[in-house]
Participant: 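The structure that follows is given in the form of structure tokens.
Computed from a predicted model, the values in this text were never measured in an experiment. One-based numbering along the sequence shown. When reading the values below, keep in mind they use all heavy atoms of this one structure, side chains included, and skip hydrogens, waters and symmetry mates.
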Amino acid sequence: INVHFLRNTLKLTGPSNDYKIQYSNIFKAFLLPRQDGDHIAFVIGLKQPMRQGNTNYSFIVFQFKKGIKQEVKLTLPEDEKERKAIIKNPIDQVINEDLYDIMAKLFKSIIGIGAVIPGKFRSSQNIPSFKCTYGANEGYFYPLERNLIFMLVSKSSLIVF
């Protein structure tokens with residue numbers, strides 16, 4: 001999947017679908033470690049759900065493998081005034097970090113939304129979530145400092161990139 005941060009739109013391009021999400025439609029971002037210890041989920045919340053077929057999705061989940069470093073070069077306008085109109089928080093033009101860190105920095109700098117991360121809570125397995133069910137749905141419950149989030153285990157219930 002390719003992710004493009006345009007002037008006012010987040011563009012997601014995949015093998016079979018393309019989506020455009022207005023920055024104003026994004027209200028929250030979470031950076032959540034997965035239970036396997038090898039992956040990080042970057043979750044974005046949408047004010048107006050994204051539609052795929054007959055299903056609406058209020059959250060989009062990007063899953064990143066830990067330890068995969070990438071170098072990203074930002075293409076920003078040369079004009080300082082125009083650049084300041086786009087960038088809400090300072091960011092380097094070249095970022096060389098884990099992919100999930102890059103995504104979180106881009107969201108904070110371009111969209112102006114910082115990612116919420118787990119706080120002090122740790123389960124008996126020393127992870128920031130615990131397994132639970134909601135009805136027939138199995139998932140993981142993340143008690144955060146000011147938020148609670150339940151992530152389903154079933155991939156059919158999430159859009160995973």
Side-chain angles (χ1 to χ4, degrees), residues 1-34 36 38-119 128-129 139-140 142 144-161:
I1 186 94
N2 292 314
V3 179
H4 300 276
F5 288 82
L6 305 175
R7 185 173 296 276
N8 296 313
T9 307
L10 181 68
K11 184 178 178 184
L12 307 174
T13 307
S16 58
N17 293 317
D18 291 340
Y19 298 100
K20 290 183 180 177
I21 301 167
Q22 295 294 317
Y23 294 155
S24 59
N25 191 29
I26 300 170
F27 74 92
K28 201 68 137 172
F30 301 93
L31 201 54
L32 306 171
R34 299 301 301 252
D36 62 8
D38 290 334
H39 293 90
I40 298 282
F42 186 79
V43 182
I44 58 173
L46 304 175
K47 293 175 188 173
Q48 295 294 318
M50 187 172 74
R51 190 173 180 95
Q52 184 177 27
N54 290 329
T55 307
N56 289 330
Y57 295 95
S58 296
F59 292 89
I60 300 172
V61 179
F62 300 86
Q63 182 167 287
F64 298 101
K65 188 160 178 60
K66 284 184 178 178
I68 305 291
K69 295 211 181 280
Q70 183 80 34
E71 183 175 287
V72 173
K73 295 178 183 177
L74 302 179
T75 307
L76 297 172
E78 294 295 324
D79 181 44
E80 186 70 26
K81 187 176 179 181
E82 192 176 345
R83 188 178 320 133
K84 283 186 179 183
I86 294 170
I87 301 297
K88 294 173 179 49
N89 290 296
I91 191 168
D92 295 331
Q93 286 219 237
V94 177
I95 308 168
N96 189 5
E97 294 185 29
D98 283 328
L99 285 173
Y100 62 88
D101 279 334
I102 293 171
M103 186 71 122
K105 285 183 177 188
L106 289 172
F107 261 74
K108 184 168 179 134
S109 295
I110 297 173
I111 301 174
I113 296 174
V116 176
I117 58 173
S129 64
Y140 290 92
Y142 290 84
L144 307 174
E145 292 296 324
R146 293 188 183 131
N147 299 285
L148 301 171
I149 191 164
F150 178 72
M151 185 181 300
L152 295 174
V153 172
S154 170
K155 287 186 180 182
S156 63
S157 300
L158 302 171
I159 297 177
V160 179
F161 294 100

Participant: On a heavy-atom basis, which atom in Y142 and which in R34 lie closest, and how many Å separate them?
Facilitator: OH-CA, 4.1 Å

Participant: Enumerate the ring pair (Phe, Tyr, Trp, His ring centres under 6.0 Å) contacts for residues 68-104, please, sequence neighbours excluded, ordered by first and then second residue.
Facilitator: none

Participant: Mind jotting down which residue pairs meet the salt bridge (Lys or Arg N to Asp or Glu O under 4.0 Å) criterion with at least one end in residues 38-56? Sequence neighbours excluded, please.
Facilitator: none

Participant: Which heavy atom of A29 sits nearest a heavy atom of F42, and at what distance?
Facilitator: CB-CZ, 3.9 Å

Participant: Report, one line per pair, each donor and acceptor closer than 3.5 Å where one atom sits in a side chain of residues 103-119; sequence neighbours left out.
Facilitator:
| residue | atom | partner | partner atom | Å |
| --- | --- | --- | --- | --- |
| K105 | NZ | E97 | OE1 | 3.3 |
| K105 | NZ | E97 | OE2 | 2.4 |
| S109 | OG | N89 | O | 3.2 |
| S109 | OG | K105 | O | 3.1 |

Participant: With side chains defined as the heavy atoms from C-beta onward, is the minimum distance between F30 and N147 less than 4.5 Å?
Facilitator: yes

Participant: Sequence neighbours excluded, which residues qualify as side-chain hydrogen bond (donor to acceptor under 3.5 Å, both in side chains) partners of Q22?
Facilitator: T9

Participant: Which residue pairs satisfy the salt bridge (Lys or Arg N to Asp or Glu O under 4.0 Å) criterion with at least one member in residues 58-67, sequence neighbours excluded?
Facilitator: none

Participant: Measuring from atom CD1 of I26 to atom CD1 of I21, what distance do you get when rounded to the nearest 0.5 angstrom?
Facilitator: 5.5 Å

Participant: Partners of R146 by side-chain hydrogen bond (donor to acceptor under 3.5 Å, both in side chains), sequence neighbours excluded?
Facilitator: none

Participant: Walk me through whether I95 and D101 qualify under side-chain contact (heavy atoms from CB on, under 4.5 Å).
Facilitator: CA-CA 9 Å; I95 308 168; D101 279 334; over 6 Å; no

Participant: Taking only residues two or more places apart in sequence, or in another chain, which ones meet E71 in a side-chain contact (heavy atoms from CB on, under 4.5 Å)?
Facilitator: K73, V94, N96

Participant: Could you pull out all residues at least two apart from D79 that satisfy side-chain contact (heavy atoms from CB on, under 4.5 Å)?
Facilitator: K81, E82

Participant: Sequence neighbours left out, what passes side-chain hydrogen bond (donor to acceptor under 3.5 Å, both in side chains) with D36? Give chain and number order.
Facilitator: H39

Participant: Got a sec, which pairs hit salt bridge (Lys or Arg N to Asp or Glu O under 4.0 Å) with one end in residues 11-23, sequence neighbours left out?
Facilitator: none

Participant: Hey, does F62 have a side-chain heavy atom less than 4.5 Å from the side chain of V3?
Facilitator: yes

Participant: Report the distance from atom CZ of F27 to atom CD1 of I44, rounding to the nearest 0.5 Å.
Facilitator: 10.0 Å

Participant: Looking at residues at least two apart in the chain, or sitting in another chain, which of them share a side-chain hydrogen bond (donor to acceptor under 3.5 Å, both in side chains) with Y23?
Facilitator: none

Participant: Looking only at non-hydrogen atoms, find the nearest pair between V61 and A41 and report the distance.
Facilitator: CG1-CB, 4.0 Å

Participant: Between atom CG of L152 and atom CZ of F59, what is the distance when rounded to the nearest 0.5 Å?
Facilitator: 11.0 Å

Participant: Roughly how far, to the nearest 0.5 Å, is CG of L74 from CD1 of I87?
Facilitator: 6.5 Å

Participant: If you measure from CG on L32 to CE on M151, what distance do you get to the nearest 0.5 Å?
Facilitator: 4.5 Å

Participant: For E80, check side-chain contact (heavy atoms from CB on, under 4.5 Å) against everything at least two apart and list the hits.
Facilitator: R83, K84

Participant: Can you measure from CG (L99) to CD (Q63) and round to the nearest 0.5 angstrom?
Facilitator: 12.5 Å

